[in-house]
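Below, chain A is the first sequence line, B the second, and so on; all start at residue 1.
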There are 2 protein chains.
Amino acid sequence: MKRVYNFNPGPATLPLEVLQEAQAEFLNFDNSGMSVLEISHRAKPYEKIHNQAKADILELMGLGEDYEVLFIQGGASLQFAMIPLNFATKENPGSYALSGTFSSNAYKEAEILGVGEIAASTKNENFCRVPTQAELKISKNAAYFHICNNNTIYGTEYHYVPETGGVPLFADMSSDMLSRPWDFKKFDLIYAGVQKNLGPAGVVIVVAKKSLIEKSLETLPTMLRYDTFYKKNSLYNTPPAFSIYMVGKVVKWIKNCGGLAEMAKRNSKKAEILYAVIDDSNGFYRGHAEKGSRSFMNVTFRLPNEDLEKKFVAQALENNLSGVKGHRSVGGMRASIYNAMTLEGVETLADFMKNFCRQNS
Amino acid sequence: MKRVYNFNPGPATLPLEVLQEAQAEFLNFDNSGMSVLEISHRAKPYEKIHNQAKADILELMGLGEDYEVLFIQGGASLQFAMIPLNFATKENPGSYALSGTFSSNAYKEAEILGVGEIAASTKNENFCRVPTQAELKISKNAAYFHICNNNTIYGTEYHYVPETGGVPLFADMSSDMLSRPWDFKKFDLIYAGVQKNLGPAGVVIVVAKKSLIEKSLETLPTMLRYDTFYKKNSLYNTPPAFSIYMVGKVVKWIKNCGGLAEMAKRNSKKAEILYAVIDDSNGFYRGHAEKGSRSFMNVTFRLPNEDLEKKFVAQALENNLSGVKGHRSVGGMRASIYNAMTLEGVETLADFMKNFCRQNS
């Protein structure tokens with residue numbers, strides 16, 4: 001069977017074992033005589049999938065009873081709107097650190113509602129780093145302070161948890177969720193579209209303090225209220241059951257591998273290999289991210305010119321290395337090396353990069 | 001391999017051929033070396049799936065260039081909110097016919113925003129029929145008139161297209177979408193959660209006149225504006241790609257079977273078989289729906305008492321007939337016989353019903 005090394009930024013590569021398991025039971029889930037696509041979301045077999053996935057996510061994050069896991073559709077982009085709709089007002093605005101495209105998009109939704117403020121921005125530096133703690137100007141009356149923990153497009157990542165002076169801390173972790181142990185307890189609300197580290201597109205995981213989401217504004221549409229999802233165990237209406245089922249399998253796979261500590265070990269090793277190739281290339285490869293902000297998930301780099309970049313993409317594909325083209329906002333290359341990308345895949349890319357550098361320097 | 005006859009109301013049974021095809025290519029889609037779960041939504045293989053599904057839906061509906069197909073997450077429940085948010089005002093309210101749970105839920109969202117009116121309701125009759133044309137009191141200044149075309153829970157269905165006196169006609173067709181030829185051109189906006197007739201949960205198909213959705217209010221959050229989906233071909237953010245891929249396969253299956261005329265032929269035959277058993281049971285089975293409003297998709301009926309109903313569910317399961325328990329609002333039984341339910345499945349249920357009646361009368 002043909003399988004490539006898939007460096008796509010999301011939807012992204014998934015653990016082969018997980019795909020094989022889903023394939024094997026695709027027509028007859030848990031001996032129910034139905035595909036998992038066909039089972040009722042009100043029936044016990046689905047409930048088990050749903051609740052086990054929630055429990056495993058909290059366990060991996062080391063969070064307790066005071067947090068709840070919600071499954072919501074619409075992507076992180078809908079969360080960009082739900083967050084200010086639920087929590088921000090003109091008097092208590094949402095405060096945003098702009099560190100890339102998605103944090104800027106999140107701020108834009110607060111701005112549409114007239115309830116956003118900018119705490120910091122690295123836009124003038126083409127988002128080559130995340131803001132430092134010292135740069136954060138968070139209003140004392142802010143409803144929350146919002147960051148994007150890993151910037152997929154620019155290849156930068158927070159390596160510190162911001163101190164907010166008591167303002168609730170919210171984070172979009174779409175592209176580094178469950179990729180490393182982290183001080184999750186410092187966060188009040190975390191959300192992640194799953195299609196990078198955790199499953200196929202179609203569901204967002206929201207992990208929030210129960211005290212924050214147990215009561216929403218009654219003037220909001222039902223599906224935009226966090227308490228609708230909280231009170232109904234994310235089963236107010238039909239959930240995206242297959243995506244949640246796959247997330248459950250991926251989360252179990254992470255646990256079986258050894259949890260977040262093991263993921264961090266693998267991910268930092270993979271990232272170090274690629275950053276070493278960049279740093280040892282005598283300037284042939286130029287990393288986009290500043291060293292202190294380098295992402296362990298998305299490694300972004302440019303080549304000496306665009307012709308070489310095109311050649312790189314084409315030859316990479318011939319070597320079974322797919323999805324290495326960067327986003328147009330940055331140009332150049334991007335290797336997304338989420339949890340499910342194997343060390344073998346990264347080593348193959350690193351060897352290819354070294355050869356390409358030698359042949360084209 | 002064990003397979004049951006699955007009469008669940010949704011998520012529901014899918015064509016076995018479609019499931020087998022998806023299973024076969026689950027690890028390597030179209031020789032890409034990736035699962036369809038792993039391919040980029042910006043890449044050509046996905047674009048082809050996406051655009052082909054859209055084209056096939058319009059073709060089956062007999063609609064032309066003036067209509068657009070959108071893929072939106074959040075279920076029909078999010079459409080209940082998006083519709084009044086996009087179209088209704090206090091001066092031009094949304095007008096609703098209440099014929100069951102979901103039409104009432106749709107109205108409730110307009111009510112939260114203070115922009116809804118009730119054109120008709122059969123609530124006093126426990127929704128045993130849909131309103132007649134004569135009963136519809138649609139304000140001349142209504143922004144739209146909204147119906148739920150098939151009422152999954154109560155087992156009723158519109159068998160006429162309402163005349164609205166020029167008010168745009170909107171319909172939730174979640175449970176009978178593409179189950180029969182229909183005068184779709186009379187509708188301005190149709191939407192359907194796909195998990196009944198068209199695929200696994202996770203996406204709503206919206207089919208709307210382009211003139212209606214090409215420009216939305218700029219004060220709305222981006223993900224709640226129809227024009228966001230229209231202008232970006234439903235690819236503003238990552239779509240629920242797997243659900244759309246499966247919808248594409250189901251739609252192709254409908255085309256290969258002979259289109260909506262063939263679906264209607266099969267579905268009316270299946271419904272007639274079950275309604276005949278009810279009508280010929282000397283009152284042992286009592287249909288919930290009035291005859292003129294009987295659904296071809298969901299056949300609802302009660303038994304003489306609740307003990308017999310419990311026994312029916314248990315014995316049905318022993319006979320490989322799953323998901324026949326009715327919704328708590330109606331009680332009794334419900335057999336959901338969407339496009340993918342086979343004639344063989346319905347005949348098996350009909351035989352079981354006749355035997356059960358004989359043994360328990």
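The candidate with the highest count of non-hydrogen atom pairs below 4.5 Å against chain B, out of A/Q195, A/Q23, A/E218, A/M82, is A/Q23. Between chain B and the options A/A201, A/A76, A/A81, heavy-atom pairs under 4.5 Å are most frequent for A/A201. When each of B/L19, B/I112, B/T219, B/T238 is scored by its heavy-atom pairs under 4.5 Å with chain A, the top score falls to B/L19. Ranked by heavy-atom pairs shorter than 4.5 Å toward chain A, the options B/T222, B/L85, B/I72, B/I39 are led by B/T222. Ranking A/N105, A/L113, A/L220, A/L14 against chain B, the residue ahead of the rest is A/L14, based on heavy-atom pairs under 4.5 Å. Counting heavy-atom pairs closer than 4.5 Å to chain A, the top-ranked of the candidates B/P200, B/G74, B/P240, B/G202 is B/G74. Each of B/M34, B/Q73, B/K108 has some count of heavy-atom pairs under 4.5 Å with chain A, and the biggest count is that of B/Q73. Chosen from B/V36, B/L16, B/T13, B/V203, the residue pairing most often with chain A at heavy-atom distances under 4.5 Å is B/T13. Contact count versus chain B (heavy atoms, under 4.5 Å) is highest, among A/A22, A/S32, A/P239, for A/S32. Annotation: maximal heavy-atom pairing with chain B below 4.5 Å, among A/G193, A/A12, A/A241, A/G75, occurs at A/A12.
Between A/F242 and B/F242, the ring center distance clears the sub-6.0 Å criterion. You'll find the ring centres of A/H50 and A/Y245 outside the 6.0 Å limit. The aromatic ring centroids of A/F80 and A/Y107 lie 6.0 Å or more from each other. Ring centers of A/Y46 and A/H41: at least 6.0 Å apart, outside the cut-off. Ring centroid separation for the pair B/Y191 and B/F170 does not come in under the 6.0 Å cut-off.
Within the 4.5 angstrom heavy-atom criterion, no atom of A/N320 approaches chain B. Contact annotation for B/M246: only side-chain heavy atoms (C-beta onward) come within less than 4.5 Å of a heavy atom of chain A. A/S243 does not touch chain B: none of its heavy atoms, backbone or side chain, sits under 4.5 Å away. For a residue to count as touching a neighbouring chain, one of its non-hydrogen atoms must lie under 4.5 Å from one of that chain's; by this rule B/A24 touches chain A with the backbone only. Only the side chain of B/E109 comes within contact range of chain A, with heavy atoms under 4.5 Å apart. If you measure heavy-atom distances from B/Q20 to chain A, the contacts under 4.5 Å come from both the backbone and the side chain. The part of B/Y236 that comes within reach of chain A is its side chain, from C-beta onward, which places non-hydrogen atoms under 4.5 angstrom from that chain. For a residue to count as touching a neighbouring chain, one of its non-hydrogen atoms must lie under 4.5 Å from one of that chain's; by this rule B/P9 does not touch chain A. Heavy-atom distances place the side chain of A/S322, and not its backbone, under 4.5 Å from chain B.
Taking 4.0 Å as the cut-off between side-chain N and carboxylate O, A/E21 and A/K252 do not count as a salt-bridged pair.
Note that the CG atom of A/L235 and the CD atom of A/E47 stand 7.5 Å from one another [nearest 0.5 Å].
Between the side chain of A/R3 and the backbone N or O of B/L27 there is at least one donor-acceptor pair closer than 3.5 Å. With hydrogens and angles disregarded, no donor-acceptor distance shorter than 3.5 Å links the side chain of B/K249 to the backbone of B/V18.
Between B/P93 and B/A88 the shortest heavy-atom distance is C-CB, 4.2 Å. Shown here for B/M177 and B/N197, the closest heavy-atom pair between the two residues is O-CB, 3.5 Å. Nearest heavy atoms, A/N8 versus A/Y338: O-CE1, 3.8 Å.
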